Structure formats: structure tokens, C-alpha cells
> 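Sending over a structure as C-alpha cells; questions will come in a sec.
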Amino acid sequence: MKVLIVGGGGREHAIAWKLAQSPRVNELLAVPGNPGIARLARCLPGKVEEIEALADLARRERVNLTVVGPEAPLVAGIVDLFRSRGLRIFGPTAAAAQIEGSKAFAKQLMAAVGIPTAAFGVFTDPAAARNYLEECALPVVIKASGIAAGKGVVIARSREEARRTAEEMLSGQAFGEAGQQVVIEEFLEGQELSVMAFCDGTRFRTMVPAQDHKAVGDGDTGPNTGGMGTCSPVPVADAALMQRIEGEVIAPVLQAMADRGTPFQGVLFTGLMITADGPRVLEFNARFGDPETQTVLARLDSDLLEALEATIEGRLDQLQLVWSPEAAACVVLASGGYPGAYRKGLPIEGVEEAETLGAMVLHAGTAEKSGQLVTAGGRVFGVVGRGASLRQALDQAYRGAEVIRFPGRHFRRDIGWRALPSPNDL
Ligand code: AMP
Ligand code: GLY
């Protein structure tokens with residue numbers, strides 16, 4: 001089979017790495033890919049949003065299956081377009097991808113079917129939002145409803161900050177159209193958990209859970225990022241909690257999507273807060289998570305291609321998913337300044353050395369300039385380690401992370417801190 005991967009980040013590198021192991025995949029293509037993916041796939045230039053061009057490419061190259069990484073092409077209808085042209089593709093339709101594309105839609109769906117989530121209001125009118133913010137408890141969470149590249153969530157600690165944030169979003173100043181509708185919701189406390197599931201429209205199979213670290217700094221300090229590292233397994237997500245999440249969240253949301261005539265097929269990502277009162281949904285995404293996929297696929301022992309095909313062919317009941325008992329951890333190396341402004345084009349050294357030390361180096365924001373590997377994004381690498389325990393997986397990831405160098409490089413030193421046994425347990 002010839003498989004096309006749409007995207008060029010760490011998630012797509014992990015998908016390429018896993019698909020390259022499939023005995024049934026004999027050629028991988030990626031648009032646009034990156035220098036790491038280029039070792040596994042033929043990378044072709046292109047933009048992930050240009051879905052017509054991608055469909056033309058899939059036809060011209062006689063691609064047997066296309067896998068979509070990022071949300072933008074899904075929300076833009078790449079799956080609908082490919083299907084209308086008889087091309088096989090993995091992912092949800094535009095209508096089903098609304099579960100990520102509109103936070104207002106996702107919250108209203110959850111409220112309608114009783115899925116546990118933070119109390120909320122949806123606003124387009126600045127005066128109504130202002131009134132709501134006069135009364136609510138602080139801190140309060142304000143979210144641009146549309147797609148804002150992971151930056152559209154603000155936790156406001158004062159009423160003044162809350163008012164200003166809502167105003168900037170609703171006026172279109174902050175995130176354009178994506179912010180002209182906002183969700184204002186209750187602030188939740190607890191541990192975050194990411195659960196991804198293959199969904200074939202009616203059935204689902206959950207993957208092993210992962211824990212992301214959103215804040216840029218150690219101890220969860222500083223502004224939120226796209227994710228600074230992940231680990232799996234996650235002790236808080238024991239069998240009982242996973243069963244609750246499947247029963248109280250995933251099953252009902254899939255049923256609700258099917259009932260409204262927009263069945264969800266693809267990977268459903270559920271971001272949760274595990275509060276003292278139980279799991280609460282923070283968000284749904286319509287795709288593999290980044291950087292969750294980097295650790296979750298590192299633990300998948302069975303063939304990813306089989307899982308993708310069982311999903312799109314509606315036969316998840318027949319799928320054998322085999323997970324490794326080993327732990328995996330991913331440490332993100334970020335550019336100086338990220339998640340704020342950062343420079344690009346800085347030279348990178350040490351990737352081979354990190355690999356020699358046993359780490360799996362997944363490229364996220366890299367490029368090649370006259371034969372030299374250089375930085376090209378905010379998150380530059382995800383360095384993945386595996387081991388019998390999470391401690392061993394982290395040690396391997398950090399050994400690799402230390403030796404990859406570029407000016408301004410920074411990474412969190414405490415990935416996995418919630419998941420490691422506390423000194424009291426030893
Ligand atoms: P979201 O894109 O909706 O998952 O939000 C991004 C991040 O903001 C989450 O991963 C949490 O760290 C934080 N967050 C979102 N909603 C809440 C909430 N209701 N309470 C506390 N933190 C939240
Ligand atoms: N790590 C969360 C996401 O992929 O949006």
C-alpha cells in the first residue's frame with residue numbers, strides 16, 4: 001500500500017514511524033513532511049489547507065490511503081472532498097470535525113446529553129458576556145470557540161482581565177472570526193488526562209492514555225503552549241477511571257454524533273480534567289493529539305495500518321490492538337521565546353548522538369538549509385524514551401534531549417512528575 005500523511009509535525013513523524021513498520025505499507029508520502037519524516041517518506045511540498053491540491057496529488061500518485069494529522073484540513077472538509085472523489089482517507093467529515101472546530105458546538109452537545117464538563121455560557125454579544133463575567137467565580141476560563149492554533153484559551157484571574165479578554169476575542173481583534181463566539185466556563189482543578197479513541201461511527205477502541213504538560217515552565221508555571229511533553233501510562237487513569245470515561249464520555253458522544261446524522265469516524269481526542277468530583281471534559285479534538293501521539297504510538301505493538309483500516313471500514317469490533325507494557329515519555333525541545341515570538345533558521349547539532357543513546361528523535365519544527373538541519377518552529381523536537389518503568393523512559397528521553405543543541409533551546413525538566421511514584425510510595 002501507498003499511504004499519504006498530511007502534515008509535518010511531531011505527530012506526523014510518529015505516525016510515519018509507526019506506519020513504516022507495517023508489513024503492508026510499501027511506500028509513504030508526506031505533505032509537507034519534515035527532515036525527520038523524509039527519512040521514512042517521500043516528502044512533497046504543499047500546504048495542508050489546500051485540500052483540492054492534496055486530492056489531485058492522491059489521485060496522481062495512486063495513493064491507497066490518506067491519513068490527516070492536523071485539524072484545519074479536517075474542518076475544511078478534506079474527508080468529504082476525498083470521499084466524493086472515491087479516494088480513501090482516515091478522519092472525520094467536516095460536520096463531525098465540528099466537535100473540535102466549534103467549542104460552542106461541543107459544549108452544547110455535552111450539555112444536551114449530560115456529558116460531565118465545566119459549567120459554561122456561550123456568547124457572541126459583548127454586553128451579555130460582560131454581564132456573565134460580573135457574577136461568575138474567579139478564576140474563569142475564556143475560550144475562542146473556533147480554531148485558534150491552541151492559543152485561544154485564557155484563564156483570567158481578575159474580572160478586569162476577564163472583561164478585556166472577552167472583548168478582544170469578540171471584537172475579532174484577538175483571533176479573527178474564531179473568537180467572535182466565546183465559551184466562558186468554570187475553572188476546574190485537578191490532573192489533566194488525554195484519551196484518544198479510534199471511532200468507526202458507532203464503535204470505538206480507546207488507546208492507552210497519556211498526560212500532557214501544557215505550561216511552558218517547570219511546576220506548570222508560565223503561559224500555555226501546544227504541549228511541552230507527554231508520558232504514558234498515567235497512574236491516575238486506572239481501569240476504573242478509563243471505564244468511567246468510556247461509559248460517561250466517549251460512548252454517549254459517539255451516540256449523539258450518530259443520532260444527529262454526523263457519525264464520527266477517525267480519532268476522537270478527549271482532553272479531561274480529573275477533578276475531586278470525577279472526570280470532566282475540557283475539549284474534544286477530531287484527530288490524533290500532539291504530543292500525545294508521540295508516546296501513545298511508541299507503546300502500540302500492533303499494526304497502525306490495521307487500526308486505521310478497521311476504523312474507516314466500520315469493523316473496529318474485529319481489531320486486535322496490542323499495547324506494550326513499557327512506559328514512554330516525550331520531552332519537547334522548544335525554540336527560545338516559545339510560546340511567544342522566536343527565531344527560526346538556527347543550526348541544530350546532536351540528533352545522531354541522541355539516537356545513539358537510544359532516544360527516538362521525532363522532528364516537529366525543523367528544516368534543512370544547504371545540508372544543515374535548522375530550527376523552523378516553536379516546538380522543534382519531541383525526544384521519546386521507552387523503558388520498563390516511566391523513570392527509565394524519562395531517563396532515556398532526557399539523555400537524548402540534553403545532547404541535541406541549538407541556540408535558545410529550552411525544555412521542561414519535570415515531564416511526568418505527576419505520574420512518577422512519589423518519594424512516599426518508595
Ligand atoms: P482546551 O483547548 O479547551 O483543552 O484548553 C487548553 C488548556 O487550558 C487545557 O489543557 C487546560 O490546561 C486549560 N483549561 C481549559 N479549560 C479549563 C478549565 N475549565 N479549567 C481549568 N483549566 C482549563
Ligand atoms: N495536545 C493536545 C492537542 O493535540 O491539541
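Every number for a ligand or one of its atoms is a count from 1 in the order of the listing. Not measured: the values here are computed from a predicted model.
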> What atoms in ligand 1 come closer than 4.0 Å to a heavy atom of Lys214?
10 (O)

> What protein heavy atom is closest to atom 5 (O) of ligand 1, reported as residue, atom name and distance in Å?
Val153 CG2, 3.4 Å

> Taking the side chain as C-beta and beyond, is there a heavy-atom pair between Val383 and Met360 under 4.5 Å?
no

> Which ligand 2 atoms, with their elements, are less than 4.0 angstrom from a heavy-atom of Phe269?
2 (C)

> Please could you name the atoms of ligand 1 that Phe187 approaches to less than 4.0 Å, counting only its heavy atoms?
20 (N), 21 (C)

> If you measure from each non-hydrogen atom of Asn224 to ligand 1, which part falls under 4.0 Å: side chain, backbone, both or neither?
side chain

> Only heavy atoms of Asp212, strictly under 4.0 Å: list the atoms of ligand 2 that pass.
1 (N)

> Between Glu368 and Arg39, does at least one N-O distance fall below 4.0 Å, as a salt bridge requires?
no

> In terms of side-chain geometry, is the basic nitrogen of Asp220 or Arg412 positioned less than 4.0 Å from the acidic oxygen of its partner?
yes

> So which bit of Lys214 gets within less than 4.0 Å of ligand 2, heavy atoms only: side chain, backbone, both or neither?
side chain

> For the side chain to side chain contact (heavy atoms under 4.5 Å, CB included) test, which of Val234, Leu193, Leu272 pairs with Leu241?
Leu193

> One thing to verify: whether Arg203 and Asp200 come together as a salt bridge, which I'm taking to mean a side-chain N less than 4.0 angstrom from a carboxylate O.
yes

> Tell me whether Ile155 has any N or O atom under 3.5 angstrom from an N or O of ligand 1.
no

> Among all protein non-hydrogen atoms, which one is nearest to atom 20 (N) of ligand 1, and what is the separation to 0.1 Å?
Leu188 N, 2.8 Å

> Can you list the atoms of ligand 2 that are under 4.0 Å from a heavy atom of Arg287?
3 (C), 4 (O), 5 (O)

> Sub-3.5 Å donor-acceptor pair from the side chain of Arg205 to the main-chain atoms of Leu316, do we have one?
yes

> For ligand 1, which atoms sit closer than 4.0 Å to a heavy atom of Lys103?
1 (P), 2 (O), 3 (O)

> Using a 3.5 Å distance criterion without hydrogens, assess whether the side chain of Ser22 forms a donor-acceptor pair with backbone atoms of Leu19.
no

> Between Phe90 and Phe198, how do the two ring planes meet: parallel, tilted or perpendicular, split at 30° and 60°?
perpendicular

> Just wondering, do Met207 and Val267 contact through their side chains at under 4.5 Å, heavy atoms?
yes

> Could you check whether any heavy atom of Glu71 sits closer than 4.0 Å to an atom of ligand 2, since that is the contact criterion I want to use?
no

> So does Glu161 pair up with Arg164, basic N to acidic O under 4.0 Å?
no

> Could you tell me whether a side-chain N or O of Tyr342 sits under 3.5 Å from a main-chain N or O of Gly336, the two making a donor and an acceptor?
no

> Look at atom 3 (C) of ligand 2 and find which of Asn285, Thr230, Leu282, Thr225 reaches it with the closest heavy atom.
Asn285

> Which residue supplies the protein heavy atom nearest to atom 1 (N) of ligand 2, what is that atom called, and how far is it?
Glu292 OE1, 2.8 Å

> Could you identify the single nearest non-hydrogen protein atom to atom 10 (O) of ligand 1 and state the distance to 0.1 Å?
Glu192 OE1, 2.6 Å

> With under 30° as parallel and over 60° as perpendicular, where do the rings of Phe406 and Phe381 fit, or are they tilted in between?
tilted

> Considering only heavy atoms, does Glu189 approach ligand 1 within less than 4.0 Å through its side chain, its backbone, both, or neither?
neither

> Using side chain to side chain contact (heavy atoms under 4.5 Å, CB included), reason through Val380 and Ile348 one step at a time and then give a plain yes or no.
CA-CA 10 Å; Val380 184; Ile348 299 165; 4.0 Å; yes

> If the cut-off is 4.0 Å to any non-hydrogen atom of Met273, which atoms of ligand 1 fall inside it?
21 (C), 22 (N)

> Please compare Lys143, Glu283, Glu100, Arg280 and report which has the shortest non-hydrogen distance to atom 15 (C) of ligand 1.
Lys143

> Please say whether Glu283 places an N or O atom under 3.5 Å from an N or O atom belonging to ligand 2.
no

> Quick test of your reading of the model: are Glu283 and Lys103 salt-bridged, counting only N-O distances below 4.0 Å?
yes

> What atoms of ligand 2 come within less than 4.0 Å of a heavy atom belonging to Gly289?
4 (O)

> Report the nearest protein non-hydrogen atom to atom 23 (C) of ligand 1: residue, atom name, distance rounded to 0.1 Å.
Leu282 CD2, 4.0 Å

> For ligand 2, indicate whether the residue Arg11 contacts it via side chain, backbone, both or neither (heavy-atom separation under 4.0 Å).
neither

> Considering the heavy atoms of Glu185, write down every atom of ligand 1 situated less than 4.0 Å from one of them.
16 (N), 17 (C), 18 (C), 19 (N)

